[in-house]
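Here's the structure we're looking at; comments come further down.
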Amino acid sequence: MNSDQLPIRTRFAPSPTGFMHVGGVRTALFAWLIAQKNNGTFILRIEDTDKSREVEGSIAQIEKSLKWLGINWTEGINIGGPYTPYLQSERLDIYKTWAQKLVESGRAYADPYTQAELEQFRNDAIANKKAFLYRDHRPENPSVWDGTMPLRFKSDPKSYKWTDAVMGELSTGPEAIDDFVLIKTDGYPTYNFCHIVDDMLMQITHVLRSQEFISSTPKFLNLYEAMDIQRPVLATLPFVMAIDGKKKLGKRDGAKDILEYAAEGYLPEAMMNFLATLGWNDGTEQELFAPSELIEKFSLERVQKSPARFDEKRLLWMNGQWIRKLSLDDLYARSTNFWSDAANTAGDDAKKLVLSLVQDRLKTLSDIPLLTSYFFDEPTAEWSMIEDNKQLNNIPRDEITSMLEAAKTALSNANYDADSLQQTLNTLLETTGQKPGILFSLVRLAVSWAPFSPALNETLATLGHDKVQSRLQVAINISKE
RNA sequence: GGUCUCAUCGUCUAAUGGUUAGGACACCAGGUUUUCAUCCUGGCAAUCCGGGUUCAAUUCCCGGUGAGAUCACCA
């Protein structure tokens, strides 16, 4: 807790067991924000000590996810730093050294029992309605640890009170402390042991982790004492819950890969904003925070203690807000992978112009094809759209035809800029004596055959004279059938 | 079962020993010469329950209830 004067160093230390979901990313984000805010260092360490759970390609996936969000590490995997290596499987000698120290100080011993014997102890405890504690079965004269048996921590059960930077005052009784395994028989350390060693050696000042670790914290406190090391600031983050479930968001419960959101056209700014404000706020009524504002304003003290549901509707709204904040050039640069094939045959200027019309209508970048298709592809006329339209469904066919013809004539001589076209359309309203709700609806459908589109004058201007003329002619022909 | 944590609108949250308990998302209704979106206006909607302390409790205390976590040679 006396880490205030030290340079702030935080870490994110995931296991390579698959993709990253929003819960994990939020933990990384908060740790990163603390480091950024304090001009500290954010470290990426990989905890690959369970070979059976390892998933091929996970590390690359984790790196890609963090990079997409803009969470950059300046020390760690693939970068190096003063405490290399940052892959735990390459640090086995280090853990062995520290384990040996515990053996020598009498705080670790070889576990003589088989799995079956352990199982028996456990079952007996359950049968007697007692909590199972390994330390009730400590061997009297443990043999020398040669690596063929698990190495266990010889705990010193006691009550603890400690302060968590998020949760506040926490306490437990001695029952929470047991002799846990430090080194497994495969030679790898357990998380419980190696993260303590690494955090110490890597000079980590703030340890942020998710709520499931709160009940193992007393074990860590006990080990810190046994190893005589000053513990870092501990911060426990509440869970991110699935929106419909009551369980923490996890891969089994349908949590999505963060990169799926990228593929669906969410902006990293929106995702970061959303995750940061899921369980944190700055005390004002501000909802939208740019990354730089988050860095400036974030604090662990204002992190919520209770779990939060992951509300994708709020994320969607936020994404729309962030899309609208982008300059057209920036938006265009980010839209590269989202255009339809037909759109991609058009030039940059054409696409950019269309994009400017739909920017306010986008919730995600993947809405682009749906909102812009008729600018690049000839739409298929669906007369039912006129028959089902509540403004148009009572109008006789011949009147529809004559309106379309009048529009075609008026527009054939128009100047194709938005202002002139609005003039033309207004004049057309007068000459036909129609209400805008009728005439504009009809023309809009005839040139787009889309359920929605930008303002009519802008749509026409963007389509251009030739497309407008030919599409109106198609509509006229159908109206006469 | 043991241990531990949490509890304000449907959701994310603000606030305070005295407020009409505020904002945002979602939803509903109206407005902006068509539609959809944006934008604007309005509406709906919350302090888990019971005791105590107090002139006053959503806020402090205790007890319930509910929810969650953990009890691995996983992290």
Side-chain angles (χ1 to χ4, degrees), chain A residues 13-15 17 47-50 52-53 111 115 118 122 125-126 128-134 149-152 164 167-168 170-178 180-192 194-195 209-218 236 238-239 241 243 246-248 274 277-288 304-318 320-321 324 358-363 367 370-371 385 389 391-392 422 425-426 429 435-445 448 450-456 459:
Chain A
S15 295
T17 55
E47 309 214 323
D48 61 334
T49 57
D50 183 357
S52 64
R53 291 205 314 154
D111 172 356
Q115 298 272 16
L118 269 187
R122 210 167 266 129
I126 292 169
N128 295 325
K129 298 206 171 191
K130 280 177 58 188
F132 167 70
L133 285 170
Y134 184 94
M149 291 168 279
L151 183 71
R152 275 191 193 262
D164 184 284
M167 303 302 283
L170 298 175
S171 61
T172 53
E175 319 75 34
I177 294 179
D178 197 10
F180 57 91
V181 171
L182 300 170
I183 306 275
K184 300 179 272 184
T185 46
D186 65 2
Y188 284 87
T190 59
Y191 165 82
N192 294 333
C194 61
H195 93 271
R209 60 187 144 214
S210 148
Q211 211 180 351
E212 72 247 37
F213 290 99
I214 204 165
S215 48
S216 8
T217 301
T236 300
F239 291 123
M241 318 271 276
I243 185 65
K246 291 183 173 174
K247 294 202 304 203
K248 70 169 174 164
F274 176 76
T277 52
L278 196 62
W280 172 86
N281 71 85
D282 72 340
T284 72
E285 289 179 353
Q286 184 171 349
E287 306 283 344
L288 298 174
Q304 200 79 6
K305 288 180 174 182
S306 51
R309 307 273 179 95
F310 184 85
D311 185 358
E312 228 171 291
K313 284 187 171 169
R314 188 174 160 79
L315 172 62
L316 194 64
W317 167 78
M318 219 168 245
Q321 295 293 314
R324 258 154 252 137
V358 300
Q359 180 165 12
D360 282 354
R361 293 168 170 75
L362 296 172
K363 296 277 195 189
D367 292 340
L370 175 69
L371 293 176
M385 293 183 82
N389 183 291
Q391 306 261 28
L392 303 174
Q422 192 58 55
L425 290 168
N426 286 341
L429 282 178
K435 287 188 277 190
I438 291 169
L439 184 68
F440 290 179
S441 292
L442 179 62
V443 176
R444 195 188 71 77
L445 284 170
S448 71
F452 34 79
S453 60
L456 184 54
T459 304

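Every chain is numbered from 1 and lettered A, B, ... according to where its sequence line falls, protein lines coming before strand lines.
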What integer distance in Å separates [X]:[atom1] from [N]:[atom2]?
X       : N       : atom1 : atom2 : result
E212(A) : rA69(B) : CD    : P     : 10 Å
R361(A) : rU34(B) : CZ    : P     : 12 Å
F132(A) : rC71(B) : CZ    : P     : 13 Å
F213(A) : rA75(B) : CZ    : C1'   : 5 Å
D367(A) : rU38(B) : CG    : C1'   : 14 Å
L456(A) : rA37(B) : CG    : P     : 18 Å
N192(A) : rC71(B) : CG    : P     : 9 Å
K435(A) : rU35(B) : NZ    : C1'   : 16 Å

> For every nucleotide of nucleotides 3-16 of chain B, 5' to 3': is a protein heavy atom under 4.0 Å from its base (B), only from its sugar-phosphate (S), or from neither (-)?
Replying inline: SSSSS---SSSSS-

Which value, in whole Å, describes the distance between the [atom1] atoms of nucleotides [N] and [M]?
N       : M       : atom1 : answer
rA26(B) : rU13(B) : C1'   : 14 Å
rU58(B) : rG22(B) : P     : 16 Å
rU32(B) : rC39(B) : C1'   : 8 Å
rG68(B) : rC74(B) : P     : 27 Å
rA75(B) : rU70(B) : C1'   : 13 Å
rG30(B) : rU16(B) : P     : 39 Å
rC62(B) : rC4(B)  : P     : 14 Å
rU41(B) : rG18(B) : C1'   : 32 Å

Distance criterion of 3.5 Å, no angle test: do you see the side chain of [X] paired donor-to-acceptor with the base of [N]?
X       : N       : value
R444(A) : rU35(B) : yes
R324(A) : rU38(B) : no
N389(A) : rU35(B) : no

Look at all strands and tell whether [X] reaches a base, only sugar-phosphate, or nothing, counting heavy atoms closer than 4.0 Å.
X       : answer
Q321(A) : sugar-phosphate
P218(A) : nothing
K363(A) : sugar-phosphate
R152(A) : sugar-phosphate
A455(A) : base

>> Just to verify, what does D186(A) make a side chain to side chain donor-acceptor pair (under 3.5 Å) with, not counting sequence neighbours?
In response: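 With neighbours one apart ignored, the set is empty.
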
>> Checking D311(A) now: which residues fulfil side chain to side chain donor-acceptor pair (under 3.5 Å) with it, not counting sequence neighbours?
In response: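 If we apply the side chain to side chain donor-acceptor pair (under 3.5 Å) test to D311(A), skipping adjacent residues, there are no hits.
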
>> Between T190(A) and V181(A) (side chain of the first, backbone of the second, donor and acceptor by atom type, cut-off under 3.5 Å), is there such a pair?
In response: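 Yes; at least one donor-acceptor contact below 3.5 Å.
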
> Judged by atom type as modelled, is there a donor-acceptor pair below 3.5 Å linking the side chain of S15(A) to the main-chain atoms of E47(A)?
Replying inline: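 Yes: the side chain of S15(A) pairs with the backbone of E47(A).
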
Under-4.0 Å side-chain N/O to phosphate OP1/OP2 contact, [X] with [N]:
X       : N       : value
T49(A)  : rA75(B) : yes
K313(A) : rC27(B) : no
R122(A) : rA72(B) : yes

>> So which atom in P218(A) and which in T172(A) form the shortest heavy-atom distance, rounded to 0.1 Å?
In response: CG-OG1, 3.5 Å

For [N], give the paired nucleotide (Watson-Crick: N1-N3 plus N6-O4 or O6-N4; G-U: N1-O2 and O6-N3; both under 3.5 Å), or none.
N       : result
rU70(B) : rG2(B)
rA37(B) : none
rA7(B)  : rU65(B)
rC55(B) : rG18(B)
rC27(B) : rG43(B)

>> Going by the rule side chain to side chain contact (heavy atoms under 4.5 Å, CB included), which residues pair with E212(A) if we only count those two or more places apart in sequence or in a different chain?
In response: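 Side chain to side chain contact (heavy atoms under 4.5 Å, CB included) list for E212(A), sorted by chain: S210(A), F239(A), K248(A).
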
> Residues in side chain to side chain contact (heavy atoms under 4.5 Å, CB included) with D178(A), at least two apart?
Replying inline: L133(A), Y134(A), R135(A)

> Where each residue is assigned the nucleotide of RNA chain B containing its nearest heavy atom, which of V181(A) and L362(A) is assigned the position nearer the 5′ end?
Replying inline: L362(A)

>> Both K129(A) and Q391(A) contact RNA chain B. Which one's nearest nucleotide lies toward the 5' end?
In response: K129(A)

> In terms of ring plane angle, is the pair F213(A) and Y191(A) parallel, tilted or perpendicular, where the classes change at 30° and 60°?
Replying inline: tilted

> Are side-chain N/O atoms of R444(A) and S453(A) paired as donor and acceptor at under 3.5 Å?
Replying inline: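 Result is yes, a qualifying pair exists.
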
> Of all the nucleotides listed (rA75(B), rA24(B), rA37(B)), which has the minimum atom distance to the side chain of W317(A)?
Replying inline: rA24(B)

> Where the side chain of K184(A) is concerned, which of rA72(B), rA75(B), rC39(B) is the nearest nucleotide?
Replying inline: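 Closest nucleotide to the K184(A) side chain: rA75(B).
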
> Mind checking what makes ring-ring contact (aromatic ring centres under 6.0 Å, His included) contact with F180(A), not counting sequence neighbours?
Replying inline: F153(A)

